[in-house]
Amino acid sequence: MHIAEGFLPPLHAGAWTVASAPFVVHGFRVLKRRLDAHPEEKVMVAASGAFAFVLSALKIPSVNGSSSHPTGVGLGAVMFGPTPMAALGSIVLTFQALLLAHGGLTTLGANVFSMGVVGPMVSWWIYVGLRRLGVALDIGGGVAAAVGALSTYVVSAVQLALAHPDVNSGFVGSLGKFLGIFAITQLPLAAVEGAVTMLALRWVLTRSSIDLASPRTPPRQPFGRRSVWLVVAAIIGLVTFPLVARRSAQFIGSDSRATSAVRAVDPGYEQWFAGWWSPPSGGVESFLFTLQAAVGAGVVGYVVGSRRRTAVADVPVHAPVHQADAPTVAAIVEVSSEHTSAQSKATL
Amino acid sequence: VSAISVVDTVAHINGWRHHHIADKALLAAGLVLCALLLPPWPASPMVIVTCLAVCVLARISLRDFVTVIKVSIGFIVVGALATSLTIDVHAGVPVGFGDWPAALNLAGRSIAGTSAVAVFALTVPIPELLARLRQLGVPAIVCELSLLMYRMIAVGLHRLRQQRLAQASRLGYVGFRQSVASAAVLMSATFVGSLRQAERLQVGLAARGFDGTLFVLTEQARHCLPMIAMTLVVLLSIIGVSAAVAM
């Protein structure tokens with residue numbers, strides 16, 4: 001869903017631009033590194049980006065008789081991974097704003113955030129998760145495309161609701177409004193996009209010589225030491241920041257905040273459900289609370305540990321070095337450049 | 001005729017084709033900022049009228065201009081209606097159009113902004129824009145990828161239309177199921193076709209010593225002082241009238 005020019009107030013437009021800029025810059029840096037090493041891949045990457053634009057001219061049928069065009073978010077993410085998609089997506093969205101008057105230049109940041117950053121990332125992770133569970137490539141890609149398309153529409157609705165809160169019910173009411181209105185068109189559309197993407201992937205797999213299968217199983221890489229430290233630092237930062245920033249806060253649990261919010265909205269509210277059992281004392285209550293956290297931490301620790309052990313054991317000595325970021329372009333282009341060099345040798 | 005062919009064609013043949021790109025960018029950016037920052041009444045109608053005037057000056061037919069912006073206007077109207085609906089939390093259901101002046105303002109602002117961007121797109125061809133951006137220091141990778149993409153888009157669209165016509169003439173779009181299946185085949189066939197074509201292009205370029213840089217001739221344009229002066233006068237008068245109305 002493209003947000004039109006002028007539809008966001010300047011402050012919001014600026015904020016979304018700032019939010020999506022790092023992803024776009026990182027995407028271009030990754031692409032640049034790759035293309036500096038392999039300049040012959042440039043034409044291929046551009047062809048893929050151009051295809052993403054051409055998709056917006058592809059009419060797909062929608063149940064209520066109308067038709068619309070696929071976002072291509074899912075297909076792109078499955079084919080190229082989320083990082084290059086942010087870069088290619090920003091170019092595609094700029095072209096759409098200029099050549100189709102679809103979206104706008106000041107709202108480009110917001111549109112890149114929903115369709116170049118969040119959508120591909122959601123699609124990618126769903127796709128990776130389904131593939132690891134053993135789901136077939138085409139079905140995984142189709143589901144990822146459908147959910148990715150839905151996620152872009154949810155993000156757009158959030159962006160619109162933040163910019164135009166309802167006069168009576170504020171952000172929440174406005175969000176419900178936008179989600180509800182656009183659900184009429186977007187839900188069937190996302191389902192159709194999933195189906196089309198699934199069939200398209202199946203077609204490419206079975207009837208073309210393009211090799212999708214090999215890079216499709218994403219590499220299982222143990223996290224690098226640096227990213228572990230970055231995550232640890234981020235967690236420490238996130239935990240300490242509120243303590244420092246809001247010293248006088250009481251840090252009440254969100255459930256009691258919710259209770260008081262309900263009371264404030266509707267003083268006459270009657271509780272419709274009560275627990276079967278309540279702990280005999282505060283001590284027992286906090287003991288159970290801690291116990292559950294400890295069991296949870298134990299399970300998470302065990303899973304992480306065992307996965308790490310198998311991951312280390314699985315990596316063969318001559319493991320092909322994949323870039324988690326750009327596996328597919330790389331792979332498609334590898335296939336084609338072998339082709340190319342063989343052909344050019346033949347020509348010479 | 002779809003919007004993209006209109007924009008691309010008009011951008012190359014309009015009356016302002018040979019003006020310096022910075023002059024046109026100044027006008028468009030000024031109009032977008034006016035639409036976005038000034039109170040919508042009277043700035044939005046003034047911006048829209050300016051855009052129409054530019055179309056006349058640049059010998060762009062108003063039909064083309066409308067073709068380009070009409071789809072967006074549809075979306076804008078639906079979105080503005082959505083913002084004006086109010087929802088009562090207690091009742092749970094939407095109740096009437098509460099804030100319609102705000103919605104009207106929003107629609108005006110948005111249509112004005114879209115028109116200003118459309119005027120820019122209709123007077124500036126993309127390759128020229130990219131070449132200028134490169135001179136201004138935008139990284140080479142961005143400009144070159146965009147330029148390559150732009151050149152492949154036309155070919156891809158042509159391929160898409162041809163294949164769709166072939167499918168349609170074989171009853172490929174009769175019924176919902178058949179339409180979904182045909183759309184999927186069309187999507188994948190276009191993708192495979194584009195990649196194959198890119199491969200052939202790559203072979204051709206490699207044979208000519210392609211190192212990743214495409215050299216493209218761009219026209220050297222001069223600044224047009226009367227045009228800049230007129231732009232400033234128009235922008236200042238929009239701001240002035242807005243200020244007068246606000247007082």
Side-chain angles (χ1 to χ4, degrees), chain A residues 2 4-7 10 28 31-32 35 39-40 42-47 49-51 53-55 57-58 60-61 63 70 91 95 97-102 104-106 160 164 166-169 173 176-178 181 192 195-196 199-200 203-204 208 210 265-266 332 336 339-340 343-344 347, chain B residues 2-4 7-8 32 35-37 68-69 72 75-76 79 82-83 85-89 98-99 109-110 112-114 117-118 121 126 139 141-142 145-146 148-149 152-153 156-157 160 176 179-181 183-188 190-192 194-195 198-199 201-203 205-207 211-212:
Chain A
H2 295 66
E5 180 67 60
F7 222 79
F28 273 118
L31 267 181
K32 182 174 161 45
L35 294 182
E40 71 279 1
K42 193 179 258 177
V43 179
M44 214 55 143
V45 174
F51 173 71
F53 182 93
V54 169
L55 270 188
L58 173 67
I60 60 173
V63 275
I91 300 182
F95 280 171
L98 288 176
L99 293 174
L100 299 173
H102 206 49
L105 293 181
T106 61
L160 286 172
H164 305 289
D166 196 306
V167 262
N168 287 332
S169 45
K177 198 164 69 183
F178 282 114
I181 289 175
V192 174
V196 168
L199 292 172
W203 196 92
V204 171
S208 79
I210 290 180
V265 171
D266 183 5
I332 292 173
S336 66
H339 237 97
T340 315
Q343 283 176 0
S344 44
T347 340
Chain B
S2 71
I4 172 166
V7 173
D8 206 32
V32 168
L36 208 60
L37 298 176
V68 171
I69 62 169
S72 296
F75 282 116
I76 290 168
T83 56
L85 268 183
T86 49
I87 289 185
D88 194 334
V89 181
D99 204 4
R109 182 170 279 171
S110 200
T114 306
V117 173
I126 297 263
I141 172 108
V142 180
L145 262 186
S146 307
L148 266 175
M149 270 172 64
M152 289 177 168
I153 280 171
L157 280 175
L160 190 81
F176 181 69
S179 305
V180 170
V185 170
L186 182 59
M187 189 164 159
S188 40
T190 312
F191 179 64
V192 173
S194 317
L195 285 192
E199 263 177 34
L201 179 61
Q202 166 56 35
V203 172
L205 286 170
D211 65 344

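Side chains included, hydrogens not; waters and symmetry mates left out as well; all remaining heavy atoms used.
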Identify which part of A:Phe178 has an atom lying under 4.5 Å from any heavy atom of chain B, answering side chain, backbone, both or neither.
side chain

Sort out for me which of B:Gly113, B:Ser146, B:Ala121 touches chain A most, counting heavy-atom pairs under 4.5 Å.
B:Ser146

So among B:Val117, B:Val7, B:Thr114, which one has a side-chain contact (heavy atoms from CB on, under 4.5 Å) with B:Val68?
B:Val7

Going by distance alone, is a donor N or O of one side chain under 3.5 Å from an acceptor N or O of the other, for A:Glu5 and B:Ser110?
no

If we only count heavy atoms from C-beta on, is the B:Ile153 to A:Phe51 side-chain gap below 4.5 Å?
no

Toward chain A, the part of B:Val142 with a non-hydrogen atom under 4.5 Å:
both

Minimum side-chain heavy-atom gap A:Leu199-B:Val185 below 4.5 Å:
no

Winner by heavy-atom pair count (cut-off under 4.5 Å) against chain A, out of B:Ile126, B:Leu37, B:Ile69, B:Val32:
B:Ile126

Please state whether the side chain, the backbone, both or neither of A:Leu98 comes within less than 4.5 Å of a heavy atom of chain B.
both

Specify whether A:His2 and A:His102 have parallel, tilted or perpendicular ring planes, treating 30° as the upper limit for parallel and 60° as the lower limit for perpendicular.
tilted

